[in-house]
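Proteins get letters first, then strands, A, B, ... in listed order; numbering begins at 1 in each.
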There are 2 protein chains.
Amino acid sequence: MARAATTEDAFNAVAEPRRREILDALAAGERTVGELVDRLDLAQPHVSRHLRVLREVGAVHVRDEGRQRIYSLNAEALKPIYAWVAGYEHLWAERFDLLEDVLDEMKQQDS
Amino acid sequence: MARAATTEDAFNAVAEPRRREILDALAAGERTVGELVDRLDLAQPHVSRHLRVLREVGAVHVRDEGRQRIYSLNAEALKPIYAWVAGYEHLWAERFDLLEDVLDEMKQQDS
DNA sequence: CAATCATATATCCATATTGATATGTTTTGA
DNA sequence: TCAAAACATATCAATATGGATATATGATTG
């Protein structure tokens with residue numbers, strides 16, 4: 001079996017840096033494909049392809065306006081990523097919770 | 001150019017579901033390769049390979065103990081993912097901040 | 001020292017990819 | 001109506017993949 005398709009889920013779609021750049025750009029507001037091409041310094045077909053991947057995982061929406069297509073962010077598609085990684089956050093975050101510190105000290109005294 | 005290597009960064013490493021499973025298992029405590037094989041129902045060479053990818057992006061550490069290798073989680077390697085996706089969290093989260101609601105209302109009255 | 005256990009590595013296969021380039025397709029404007 | 005603008009799609013090349021399988025490595029045991 002080969003690697004999972006980038007359209008498999010948000011995790012795979014977002015593994016590509018250019019696609020994260022696109023999402024970052026859209027976080028500031030809707031953009032036209034041409035605007036994204038300018039901003040990313042990437043050929044238009046590549047931008048269109050990345051947008052397609054993002055569309056397939058539901059991370060962006062499109063709206064037709066004349067001969068332009070206006071892309072907008074759908075951040076909810078990133079929820080599963082946040083949900084997963086947030087479960088790890090407490091493992092590196094500094095603890096400001098005093099109770100937790102006290103409990104740690106008690107454990108040390110026990111051992 | 002082909003797709004980026006899974007060892008390129010944490011984003012790529014974590015795109016693979018089995019590797020997330022491994023990290024999830026390690027979040028509960030150190031595990032031996034054999035324990036991970038049992039837990040994941042995956043052939044040992046595959047587990048070893050996934051562990052290697054996770055090692056190369058710094059998401060796990062290894063410790064030798066006789067003929068076993070004990071893997072442990074290094075959650076800090078996931079920080080960049082958290083940092084990136086957390087920037088989107090406010091876009092879908094319900095707002096409980098009263099001030100923000102008031103400001104939104106004022107904006108609406110202006111327009 | 002030989003045999004075994006616990007892992008790691010090597011090779012093969014099928015596949016999905018990214019960038020480059022060429023070519024549609026639809027809308028707009030003269 | 002014809003040409004240009006704005007996108008989308010198709011194809012090609014090079015490559016990295018993940019699973020399967022076989023094999024190598026290193027530690028332990030008898």
Side-chain angles (χ1 to χ4, degrees), chain A residues 1-23 25-26 30-73, chain B residues 1-26 29-73:
Chain A
M1 195 187 274
R3 203 202 296 209
T6 54
T7 54
E8 181 82 5
D9 55 35
F11 283 95
N12 280 282
V14 151
E16 168 65 29
R18 320 307 287 262
R19 285 195 283 267
R20 290 201 299 277
E21 285 184 49
I22 290 178
L23 294 179
L26 293 180
E30 329 181 293
R31 302 263 181 248
T32 222
V33 175
E35 289 172 339
L36 291 171
V37 168
D38 292 344
R39 199 172 282 255
L40 294 189
D41 193 39
L42 196 62
Q44 174 265 315
H46 301 152
V47 173
S48 284
R49 202 168 242 306
H50 283 314
L51 284 169
R52 183 181 173 169
V53 171
L54 292 172
R55 232 165 38 208
E56 292 197 33
V57 300
V60 299
H61 289 150
V62 213
R63 177 163 55 86
D64 279 35
E65 185 135 330
R67 59 185 164 187
Q68 302 191 319
R69 303 224 172 152
I70 301 178
Y71 281 84
S72 57
L73 180 68
Chain B
M1 196 186 274
R3 203 199 299 206
T6 55
T7 53
E8 180 82 5
D9 54 36
F11 283 95
N12 280 282
V14 151
E16 169 65 28
R18 321 305 287 262
R19 284 195 284 267
R20 290 201 299 278
E21 285 184 49
I22 289 178
L23 294 179
D24 289 343
L26 293 180
E30 330 182 292
R31 301 263 181 251
T32 221
V33 176
E35 289 171 339
L36 291 171
V37 169
D38 292 345
R39 197 171 284 254
L40 294 189
D41 193 38
L42 196 63
Q44 174 266 315
H46 302 154
V47 174
S48 283
R49 202 170 240 306
H50 284 313
L51 284 169
R52 182 176 177 181
V53 171
L54 293 172
R55 233 165 37 209
E56 291 197 34
V57 300
V60 300
H61 289 152
V62 212
R63 176 163 55 86
D64 280 36
E65 186 135 330
R67 58 186 164 188
Q68 300 191 319
R69 303 224 172 152
I70 301 177
Y71 280 84
S72 57
L73 180 67

(Q) Whole angstroms only, please: what is the CD-P distance between A:Glu16 and C:dA16? (A) 17 Å

Q) Which heavy atom in A:Arg55 sits nearest to a heavy atom in A:Val60, and how many Å separate them? A) N-CG2, 3.6 Å

Q. For A:Arg39 and A:Ala25, which heavy atoms make the closest approach, and how far apart are they?
A. CD-CB, 3.7 Å

Q: Could you check how far CD of A:Glu8 sits from P of C:dA16, rounded to whole Å?
A: 10 Å

**Q.** A:Ala13 to A:Val53 - nearest heavy-atom pair and separation
**A.** CB-CG1, 4.0 Å

Q. A:Glu56 CD to C:dT17 C1': how many Å, rounded?
A. 14 Å

Q: Determine the minimum heavy-atom distance between A:Ser48 and A:Val33, stating which atoms define it.
A: OG-CG1, 4.1 Å

**Q.** Protein proximity profile, nucleotides 21-30 of chain C - base contact B, sugar-phosphate-only contact S, no contact -, cut-off 4.0 Å on heavy atoms
**A.** BB----BB--

Q: Would you kindly compare B:Ala2 and A:Met1 by the position of their nearest DNA chain C nucleotide and give the one closer to the 5′ end?
A: A:Met1

Q) Would you call B:Arg63 and B:Glu30 a salt bridge, taking side-chain N to carboxylate O under 4.0 Å as the test? A) yes

(Q) Check the phosphate of C:dA6 against B:Ser48, side-chain N and O only, distance under 4.0 Å to OP1 or OP2. Yes or no? (A) no

Q: Can you tell me the distance, in whole Å, between the CD1 atom of B:Ile22 and the P atom of C:dT7?
A: 13 Å

Q: Could you tell me whether B:Asp41 atom CG has more than 12 heavy atoms of other residues or ligands within 6.0 Å of it?
A: no

Q: Round to the nearest Å and state the distance from B:Leu36 atom CG to C:dA8 atom C1'.
A: 14 Å

**Q.** NZ/NE/NH1/NH2 to OD/OE distance under 4.0 Å, A:Glu56 and A:Arg52
**A.** yes

Q: Quick one: closest heavy-atom pair of B:Leu42 and B:Val37, and the distance?
A: O-CG1, 3.3 Å

(Q) I need the CZ-P distance between B:Arg55 and C:dT7, as an integer number of Å. (A) 13 Å

Q) Could you give the CD1-to-C1' distance, from B:Ile70 to C:dA6, as a whole number of Å? A) 12 Å

Q. When the distance from CZ of B:Arg63 to P of C:dT7 is rounded to whole Å, what number comes out?
A. 12 Å

Q. What residues form a salt bridge (Lys or Arg N to Asp or Glu O under 4.0 Å) with B:Arg18, not counting sequence neighbours?
A. B:Glu21

Q: Assign each of B:Gln68 and B:Arg49 to its nearest nucleotide of DNA chain C by heavy atoms, then name whichever residue's nucleotide is nearer the 5' end.
A: B:Gln68

Q. Going 5' to 3' along DNA chain D, which nucleotides are the first and last within contact of chain B (any atom under 4.0 Å from a heavy atom)?
A. D:dA14 to D:dT28

